[in-house]
Visitor: 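My structure is below; once you've seen it, I'll send some questions.
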2 protein chains.
Amino acid sequence: MSVQANLLAESSCESCPIRYRAVCARCEEDELALLDQMKSYKTYAPGQTIVWAGDKVQFVGSVVTGVAALSQTMEDGRRQMVGLLLPSDFVGRPGRDYAPFDVVAANEVTLCKFAKAPFEELLGRSASISSRLLEMTLDELDAAREWMLLLGRKTAREKIASLLTILARRDAHLRLASASSNVRFDLPLSREAMADYLGVTLETVSRQISALKREGIIELEGKRHVTVPDFARLMNETGDDSDGGMLT
Amino acid sequence: MSVQANLLAESSCESCPIRYRAVCARCEEDELALLDQMKSYKTYAPGQTIVWAGDKVQFVGSVVTGVAALSQTMEDGRRQMVGLLLPSDFVGRPGRDYAPFDVVAANEVTLCKFAKAPFEELLGRSASISSRLLEMTLDELDAAREWMLLLGRKTAREKIASLLTILARRDAHLRLASASSNVRFDLPLSREAMADYLGVTLETVSRQISALKREGIIELEGKRHVTVPDFARLMNETGDDSDGGMLT
DNA sequence: CCTTGGATTTGATCTTGATCAAGGTAAGGT
DNA sequence: ACCTTACCTTGATCAAGATCAAATCCAAGG
């Protein structure tokens, strides 16, 4: 939910459209100038690991384009994705030196980076930035907790439908679930990545997608392009309240 | 993990031992005085709902004693606990008016409350409080994400062992997993609450606890009092790395 | 055009944990 | 002491999803 809220927030700015929206919604001019000085861009190839869990991390930043995934792996190889980073999402942990999780580029990802130390210094002085960052973190926490409900209590079918709903909303920039029928979008994740996100196997992902297709709830062109002829019908499969969580 | 980190943080203070540690680790004297003026205490009975999801919430605060649970319920009654609030944990969401989840007292809970508006006002001025709150929120986010791994990928046995480990650590104030054998503690949660936290049924919780008992990994006196004769052996059942996540 | 390898789909079977159904246990009330 | 009630344990059965094992698809390269 909160991810969407973020995407739909204030309008963007020329030089770094995403960063401005995400971190600096309420920045003063001089703060923006400072941030501009310390920013840099970097692009990562699909599948590339941006940060390894346990690494010392020297930067914070925002996703500009692409999709990155936060994930954890157990010794025996079981993997769980614990967060999706979409454009405008913040990456990094002010006040913490080591990354708690892997950050992996799901497709080609561009980050807008700030050196960590000066950013933290600015954070210590600017109430506008730190309070904005607190809000964003609280939103992430809410999103994580909604995902806990999905992981702990939803069926495989509900999990898939929930993920498709989120991706569809993101791509279509829908404000309300019911706002538009016939949504089309591309899956930014492989079946395996979806499985790791949903806490199921890739076979289960494939079977559930096939089932939704067979029932006409979604249509597929190729493996990755999805059309949802009736969004409400997909929503009905998520197990969520019909209001789409707009209250939060 | 982070919950433990919090508990093991700086020493406490006379008038409101918990709050000082949690929110005001780096407060100035005058900020403490302000907080003292606006604080009040309230006690809730076991099972009582402190906040309903969707409610307008007028306070923030800290847990002083007892255990409270954050939880979500689906229309058909499926329930998932999405956070445990132990003494010193922060409750509430500065900058947000409505509660996203239910908050329920698992046993008798005492809260130290601050009126939300003046607290937020202080937050807007005090870099020390807002940065501390950001850190605490990031810790909660890490804890939520570790729980996602548990919910998505661990077996029932690993889930139970993980929960027991966390509760044992909390109660025994262990610094390291291996620091002490023969840990004893009381379960603050019913079987049903544990089930809702772990994303399984209460029967599964009961069976797995019985299995661990049968194998001598834990001992039970009554339903609630647990003894762990060899902590490392319990840890081995959690599926986690042996280091116990001390790096984060 | 053909080959190749990764990604995906599909099928058959198995396992874990859910569900359904009794019993057991202990604290509190009468 | 006896009953009530809430909570917990245990057993039998079932089903969702995991696992194992082929096919199939398709884009990239030769």
Side-chain angles (χ1 to χ4, degrees), chain A residues 45-48 74 76-80 106-108 150-164 186-215 218-226 237 239, chain B residues 45-48 74 76-80 104-108 150-164 186-215 218-226 237 239:
Chain A
Q48 194 179 351
M74 292 169 70
D76 61 6
R78 279 177 281 175
R79 189 172 304 147
Q80 177 64 51
N107 45 29
E108 187 170 281
L150 176 144
L151 291 171
R153 294 303 190 189
K154 288 191 179 178
T155 64
R157 164 178 269 246
E158 288 169 339
K159 287 178 175 183
I160 294 288
S162 299
L163 179 58
L164 291 177
D186 287 305
L187 295 172
L189 302 174
S190 69
R191 300 293 187 262
E192 186 181 26
M194 288 190 246
D196 286 341
Y197 198 27
L198 300 172
V200 295
T201 59
L202 72 159
E203 291 96 329
T204 296
V205 171
S206 181
R207 275 187 251 270
Q208 294 300 333
I209 288 180
S210 297
L212 291 173
K213 183 171 137 195
R214 208 175 316 119
E215 296 170 33
I218 61 172
E219 289 154 24
L220 280 183
E221 294 156 59
K223 315 282 185 187
R224 296 290 190 99
H225 191 82
V226 180
E237 301 296 331
Chain B
Q48 195 179 351
M74 290 170 71
D76 62 6
R78 280 176 283 175
R79 190 171 304 148
Q80 178 64 51
V104 185
N107 45 28
E108 187 170 279
L150 177 146
L151 290 171
R153 293 305 190 186
K154 287 189 180 179
T155 64
R157 163 179 269 246
E158 289 169 338
K159 287 178 176 183
I160 294 288
S162 299
L163 179 58
L164 292 177
D186 287 305
L187 295 172
L189 302 174
S190 69
R191 300 291 187 265
E192 187 181 25
M194 288 190 246
D196 286 341
Y197 199 26
L198 300 172
V200 295
T201 59
L202 75 164
E203 292 97 329
T204 295
V205 171
S206 182
R207 274 187 251 271
Q208 294 299 334
I209 287 181
S210 297
L212 291 174
K213 183 171 138 194
R214 209 176 314 121
E215 297 170 33
I218 61 173
E219 288 153 25
L220 279 183
E221 293 156 60
K223 316 282 186 189
R224 295 291 189 101
H225 192 81
V226 180
E237 301 297 331

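Every chain is numbered from 1 and lettered A, B, ... according to where its sequence line falls, protein lines coming before strand lines.
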Visitor: At under 4.0 Å between heavy atoms, what does A:S190 touch on the DNA or RNA strands: base, sugar-phosphate, or nothing?
Guide: sugar-phosphate

Visitor: Toward the 5' end of DNA chain C, which comes first, B:T155 or A:I209, by nearest nucleotide?
Guide: A:I209

Visitor: Rounding to an integer number of Å, can you tell me how far A:L212 CG sits from C:dT9 P?
Guide: 12 Å

Visitor: Taking all heavy atoms of A:K159 and all of A:L151, pick out the closest pair and write down the distance.
Guide: NZ-O, 3.7 Å

Visitor: Has A:R224 got a side-chain N or O lying under 4.0 Å from the OP1 or OP2 atom of C:dT8?
Guide: yes

Visitor: Please figure out whether A:G222 or B:T204 has its closest DNA chain D nucleotide nearer the 5' end.
Guide: B:T204

Visitor: Grab the CZ-C1' distance between A:R207 and C:dT9 for me, whole Å please.
Guide: 9 Å

Visitor: Could you tell me which non-hydrogen atom of A:G239 sits nearest to which non-hydrogen atom of B:M74, and how far apart they are?
Guide: O-CE, 3.5 Å

Visitor: Distance check, rounded to the nearest 0.5 Å: A:Q208 atom CD versus A:I218 atom CD1?
Guide: 10.5 Å

Visitor: When you measure from the side chain of A:S162 to the backbone of A:E158, do you find a donor-acceptor pair of N or O atoms at a distance under 3.5 Å?
Guide: yes

Visitor: How many Å lie between CG on A:L189 and P on C:dT8, as a whole number?
Guide: 10 Å

Visitor: Heavy atoms only, 4.0 Å cut-off, all strands: where does A:S210 land among base, sugar-phosphate and nothing?
Guide: sugar-phosphate

Visitor: Can a donor-acceptor pair be found, under 3.5 Å and without considering hydrogens, that links the side chain of B:Q80 to the backbone of B:D196?
Guide: yes

Visitor: Need to verify one output field. Residue with the more 5' nearest nucleotide on DNA chain C, A:V205 or A:R153?
Guide: A:V205

Visitor: Regarding A:R78, tell me which of base, sugar-phosphate or nothing describes its non-hydrogen contacts under 4.0 Å with the strands shown.
Guide: nothing

Visitor: Between the main-chain N or O of B:R78 and the side-chain N or O of A:R153, is there a donor-acceptor pair closer than 3.5 Å?
Guide: no

Visitor: Could you tell me how far apart A:E192 (CD) and C:dT8 (C1') are, to the nearest whole angstrom?
Guide: 12 Å

Visitor: What is the separation between atom CZ on A:R214 and atom C1' on C:dG11, rounded to the nearest whole Å?
Guide: 12 Å

Visitor: Taking any atom under 4.0 angstrom from a heavy atom of chain A, which nucleotides of DNA chain D are the first and last to qualify, 5' to 3'?
Guide: D:dG17 to D:dC20

Visitor: Distance check needed: C:dT8 C1' versus A:R191 CZ, whole Å only.
Guide: 7 Å

Visitor: In whole angstrom, give the distance that lies between atom CD of A:E203 and atom P of C:dT9.
Guide: 11 Å

Visitor: Using whole Å, report how far NZ of B:K154 lies from C1' of C:dT16.
Guide: 17 Å

Visitor: Do B:L187 and B:L164 have side chains that approach each other closer than 4.5 Å (heavy atoms only, starting at C-beta)?
Guide: yes

